[in-house]
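Residue numbers begin at 1 in each chain, while the letters A, B, ... track the order of the sequences. As the structure is a prediction and not an experimental result, all values here were calculated from the model.
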Number of protein chains: 2
Amino acid sequence: MADNTRKQKPSRYRDIAARLQKEIRLGKYPIGNLLPTETELMAQCSASRQTVREALRILMDQGLIVRRAGLGSVIIATEPPVLFTHSVKSLGEWLRYSNETYRDLVDSREITATGKLAALLKCEPGKHWFLIEAIRRADQFADPLGWVEIYVLRKFAGVVKRSDHGRTPVHEQIAKMFGQTTEYAQMEIFARAMPAALARTLRVKPGSPALTVVRRYYGVREELFEVTVTTHPEGRYTYSMDMQRSLRPRV
Amino acid sequence: MADNTRKQKPSRYRDIAARLQKEIRLGKYPIGNLLPTETELMAQCSASRQTVREALRILMDQGLIVRRAGLGSVIIATEPPVLFTHSVKSLGEWLRYSNETYRDLVDSREITATGKLAALLKCEPGKHWFLIEAIRRADQFADPLGWVEIYVLRKFAGVVKRSDHGRTPVHEQIAKMFGQTTEYAQMEIFARAMPAALARTLRVKPGSPALTVVRRYYGVREELFEVTVTTHPEGRYTYSMDMQRSLRPRV
DNA sequence: CCTGGTCATTTGTCCGTATAAACTTTTGAC
DNA sequence: GTCAAAAGTTTATACGGACAAATGACCAGG
């Protein structure tokens, strides 16, 4: 077993926390039940309330218990869920385009979602969206990295007016201009044949391998307000991500 | 601005924390500097040490400061970093194969890493690895989902003997058999042309679009002990992932 | 049956104090 | 100047006490 916890100096409250963790793991307090009250623990451990509370805070941080005034400490898990997390500081970092790349605006217009597009945008057919098409480039002269389609709710069409050399992600511009924040996002990655419509622009053969990434941005109340579809020719883009073993991230 | 913090009852320590947050944001205490000591804050706020410490704990939880005995509270950020996190309970969940899919063992043998393979495995050329080749299937009769190459350190070659119908990820089998735990993992996704060697087996044309996923598993001390390469024909596999807005996950 | 109020219980907040441990700075020997 | 010991500062841990707020159990009245 790997010990990925730093060595901790022994202390009263850590001992108490460890004891309680063990007892919880061994089933002395099943899920849904209550831990002894602070007063009881003070007596059991001959410790002050402060010390007991510090111990219980550890269990709370580990996601083992929830504490409520008037009720007590409810067991909600028998062991700290170990999981792997991938985190980024912003969703712009999510697809790691270097800062050196930029969007080269090709066209923008209002569209109506029907058929497959409505499915892509997960909306009812007939809904209006605003579409921005651009080319993702690293360098003016090199082959483009990919083709970008950005669908935003019509009310956010104003973002297209901002000229920032296409370096800021659109959802961040929307956040700045309209106060729309992203609470949740989703990504899909798959391979497909390069559509003929894009092949010439991207300087590859139609039907050649392409990587397509669909990103969906949701605001509060699960409202989908932006979808981007990027298509990259073979060899010009690799998605990569790291995951780290860690304890329960804050939810 | 969306208010995604729950409404908090006013309390002394929250007020103090809010005041300090504001002062930090406004640059009164630049990054790298120290916050006033607990004793100073007690005087400034006419509060007890307990209350001041509770306030500082909030800032610590938000990732604004680090506290060290003998030094003080060091400012490490001017505002709480908003993060987006993706977490899975196990790395098997990372690529969401349905439980209905399984690996169909094709071959396994010892190999020596040279040239491009050494680069893929990030090791010095000449190192010995054990290779397991398999086909990922959902159904015995349908077209296979993809081709799987699993490279493990030679000392873990024993995993191939376990017959579990290829449903358990190999790194989990290694963890169970040898106690090797995964502390860190990395993934790369890209599109490429289907190699001729795999095309027939996967029942597609050579050169057709393929999605390739490389996953690297690291144990303690950064040791790379397993690499898997999966290659999927167009339309048979889509990688998807969700990210959630959250405050600073535990590091 | 349901509503509203009372009460005991339990955690939340806040105050006071003391000692230990971690860290920086100063001092002093060489 | 260098190194190590000593001194000083700051947070960590721990004890004591008090009142407030939230919750569930219980009971009276409709």
Q: Look at Glu23(B) together with Arg19(B) and state whether they make a salt bridge at an N to O cut-off of under 4.0 Å.
A: yes
**Q.** Cationic N near anionic O, under 4.0 Å, Glu38(A) to Arg67(A)
**A.** yes
So, is [X] near the phosphate of [N], with a side-chain N or O under 4.0 Å from OP1 or OP2?
| X | N | answer |
| --- | --- | --- |
| Thr51(A) | dC15(D) | yes |
| Tyr13(B) | dC14(C) | no |
| Arg12(B) | dC15(C) | yes |

(Q) Quick one about Tyr218(B) and Arg216(B) (side-chain donor to acceptor, distance below 3.5 Å, no hydrogens or angles considered), yes or no? (A) no
Report the distance from atom [atom1] of [X] to atom [atom2] of [N], rounded to the nearest whole Å.
| X | N | atom1 | atom2 | value |
| --- | --- | --- | --- | --- |
| Arg53(A) | dT13(D) | CZ | P | 16 Å |
| Arg57(A) | dA12(D) | CZ | P | 12 Å |
| Glu40(B) | dT10(D) | CD | P | 7 Å |
| Met42(B) | dT11(D) | CE | C1' | 13 Å |
| Glu54(A) | dA12(D) | CD | P | 10 Å |
| Leu56(A) | dT11(C) | CG | P | 8 Å |
| Leu71(A) | dA8(C) | CG | C1' | 14 Å |

Name the closest nucleotide to the [X] side chain, picking from [options].
| X | options | answer |
| --- | --- | --- |
| Ser11(A) | dT11(C), dT13(D), dC23(C) | dT13(D) |
| Ala47(B) | dA12(D), dG12(C), dC15(C) | dC15(C) |
| Gln50(A) | dC23(C), dG24(D), dC15(D) | dC15(D) |
| Arg49(B) | dT11(D), dC15(C), dT11(C) | dT11(D) |
| Glu38(B) | dG12(C), dG24(D), dA12(D) | dA12(D) |
| Ala69(A) | dG16(D), dT13(C), dG12(C) | dG12(C) |

Q. Heavy atoms, side chains only, cut-off 4.5 Å: are Leu117(A) and Tyr151(A) in contact?
A. yes
Q. Which pair of heavy atoms, one from Ser46(B) and one from Arg12(B), lies closest together, and at what distance?
A. O-NH2, 2.9 Å
Q) Is there a donor and acceptor pair closer than 3.5 Å between the side chain of Arg68(B) and the base of dA21(C)? A) no
